[in-house]
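We use all heavy atoms of the structure for the numbers below, so side chains are in, but hydrogens, waters and symmetry mates are not. Just so we're on the same page: letters track the sequence lines, and every chain starts at 1.
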There are 2 protein chains.
Amino acid sequence: MADSDVQPLTDKPDRVRTITDLAKIAGVSPGTVSRALSGNSLVNTKTRKKIESIAREHGFRPNQMASKLRRQKTGVIGVAIPLGHDVRQQISDTFFMTLLGHLADELTERGFDIMLRRVIPAQDEDWLDRFIGSGLIDGVIVIGQSDQFERIEDAADGYLPMVVWGNHQEGQRHCVVGTDNRLGGKLAAEKLITAGARNLAFMGDTQALEFAARFNGAKEVSEKMDVPIRALATHLSPDRTADEIAQHLREIDGQVDGIFAATDTIAVTCLKELRDRGIAVPTQLKIVGFDDLPIAGQTVPPLTTVRQDITAGAKCLADLLLRRLNGEDTESLVMPPHVIARGSA
Amino acid sequence: MADSDVQPLTDKPDRVRTITDLAKIAGVSPGTVSRALSGNSLVNTKTRKKIESIAREHGFRPNQMASKLRRQKTGVIGVAIPLGHDVRQQISDTFFMTLLGHLADELTERGFDIMLRRVIPAQDEDWLDRFIGSGLIDGVIVIGQSDQFERIEDAADGYLPMVVWGNHQEGQRHCVVGTDNRLGGKLAAEKLITAGARNLAFMGDTQALEFAARFNGAKEVSEKMDVPIRALATHLSPDRTADEIAQHLREIDGQVDGIFAATDTIAVTCLKELRDRGIAVPTQLKIVGFDDLPIAGQTVPPLTTVRQDITAGAKCLADLLLRRLNGEDTESLVMPPHVIARGSA
DNA sequence: CATCTAAATGCAAACGTTTGCAACATTGCT
DNA sequence: AGCAATGTTGCAAACGTTTGCATTTAGATG
């Protein structure tokens, strides 16, 4: 019993966990410590120095969870990636990942942390409201509308700080940043047709909003030009894509002389497959992709594609979100795509 | 005065923000509501149903910040990407992003959220301890050691739930998952030499630990085989890489007949550049890459490369971290790389 | 009907900060 | 010396949950 009463003789550097511990050591009140460490308040320079040095010595860091709870601000932006129209699509999809990377760069620069959430709407109806209402984040960026347009619209009605990467539709209520997919589709079709193609195919899953718009743009042009175009459903799950594309190419063999791929990834796979089948690009068959991923410049022949400026997109997403965090009700931003003519069409 | 006493006649659906609000409506205590919503405790089925229905009706979600603070568990895994040896390298680097994608898949599956933090050690000495001590995360995965080996070692001494993707060194103290880079380097050199190369070059930044190990492996083999090998510093910032590589290729023109690229990305750029310069691969010059990114199969000629199993790596990172969260002091895991012979060597 | 047990709920103290307000100390001024 | 004005600090109440313990209620048993 005596034992337990004895104070250890050594300076017990007893892990300083809380601001209160530190306050005790410094001989001040917790409030003062808090003010000293957050820097912004009026604290005597001497006490501040002292507190800072003790903090450093003990490697103390204030608990952010408590801080965020108290201040009702998290400094965290949620980034949600809904994988709806194609459950097996991985978050590892190149375009999304690249966008996410740039987004991370932008948000970090502005002092925000990022909470990443990959979500499968089919398994979790309530994903967006749950994320928003969690109290974990100050705002949310949704990368890709997938097939969740309505759900996003609903959420937007009661929640300002949300910006979405995706397609813009007349009169929609949520703030979106994205490329003019329809225009992109038009450009792609025009490119193919002026290059001499007379029978087109679109490769992509038109259930996804963005892809549908691309297809519709292309269709508009090809109808005007009296060139047939067909849509060939192509998914993005890494394991399935290649076979699907091979299958499609077998079926359209000899009929189609121009392919508009919904994505550079798809286009590249096409190129590869065509090469294996001995079909010459662009002489026998022309291809236009979409995105202008880094790979596009490296293929043989280099891929003609419709460029989305991912870096600018990320910057805009971050900008708009920050303005919304300040209460502003920002407009959507639709960026014009550009054809990058390389060798494949 | 009377006014303020009058209850509004309409049902005021006064936003229910806290568990206490909800408790008032349901006519029970906050504790009961908490138990009802978290499901796991003993609450009368009838009260539970009632509470759940009220919660649904008002779209109530418990504040996670408060919950996490109280329970001293966050359910969040921090993922840090240090960009040290090459400040201008973007987080958008393909390999890291792919790994991150798979990691997100794995961790989400296990019910964890992900807090992503891109860090530039040169600007923030204290990045790792700050992240660990923030109270925001239950554990941390560091993607890539960059030039931060020592700092990671230090942190590992006092903090169990950390796993790092990177290189393994004899006797190191932090738990790492990664490929046997040295062996990978050996395999690459062997492949080049058996393919007939007699003068090798390594392209990559040997300041990065992983790359250094790859180079050293290659050097070991080439010395044994009496084949010279030189290292050509090549960075990964998207804007710089291409020019640097072009420069290197110009300098070694005619001397070197085998290139070991530290990364598929580098290798692909080499291929492109060589094609532009009219140098035939693999006849005049052989190339072996590293990683086996999806692009590797799509180039012309297809890239011979040393494969790292990213998916398995991500799974292991998640597994080990979870075991560490349970207090286990796990061993590092070094995965053997495999040569994927395609057309470039 | 009195007890006893088990199930369901309420109470109140945490979790670790931040911050408005009050109290105190210091300085300068009349 | 007395007082005002300023500069620093302490106090204590939040932030919104969770949870051990005490209490009540309901149900069962003798």
Would you say that I54(B) contacts V33(B) through its side chain, given a criterion of any heavy-atom pair below 4.5 Å between the two side chains?
no
>> Looking only at side-chain N and O atoms, does W165(B) offer a donor or acceptor that is under 3.5 Å from a partner on Q145(B)?
In response: no
Smallest heavy-atom separation, A36(B) atom then E52(B) atom, equals O-OE2, 4.3 Å
Separation of dG16(C) atom P from M65(B) atom CE, nearest Å, is 14 Å
note: K49(A), atom NZ; dT8(D), atom P; distance rounded to Å ~ 14 Å
| query | Is there a side-chain contact (heavy atoms from CB on, under 4.5 Å) between R117(B) and W127(B) once you walk through the steps? | reply | CA-CA 10 Å; R117(B) 198 174 270 195; W127(B) 62 276; over 6 Å; no
**Request:** Identify whether any heavy atom of S34(B) sits under 4.0 Å from a base atom; if not, whether one sits that close to sugar-phosphate; answer base, sugar-phosphate or nothing.
**Result:** base
To the nearest angstrom, the NZ-P distance between K73(B) and dG16(C) comes to 15 Å
Quick note, T18(B) side chain, CB onward, closest among dT17(C), dT9(D), dT17(D) is dT17(D)
| message | For the residue pair R324(A) / T330(A), report whether a side-chain donor-acceptor contact shorter than 3.5 Å exists. | response | yes
L37(A) CG to dG16(C) C1', in whole Å, measures 13 Å
Rounded to whole Å, the CG-P distance (N44(B) to dT24(D)) equals 19 Å
Whole-Å distance, L42(B) CG to dG20(D) C1', equals 13 Å
Checklist line | Side-chain touch P161(B)/V140(B), heavy atoms, less than 4.5 angstrom | finding: no
Q. S38(A) side chain N/O closer than 4.0 Å to the phosphate oxygens (OP1, OP2) of dT18(C)?
A. no
Each nucleotide N or O in nucleotides 11-15 of chain C that has a protein N or O under 3.5 Å away: list the pair and distance.
unit_1, atom_1, unit_2, atom_2, d
dA14(C), N3, R70(B), NH1, 3.0
dC15(C), O3', Q72(B), NE2, 3.4
dC15(C), O2, R70(B), N, 3.4

| message | Set out, in order, the CA-CA distance, both residues' side-chain angles and the distance that settles side-chain contact (heavy atoms from CB on, under 4.5 Å) for L37(A) and L22(A), then state yes or no. | response | CA-CA 11 Å; L37(A) 293 179; L22(A) 182 42; 4.3 Å; yes
Atom NZ of K68(B) and atom P of dT17(C) are separated, to the nearest Å, by 18 Å
From CG of L136(A) across to C1' of dG16(D) the rounded distance in Å is 13 Å
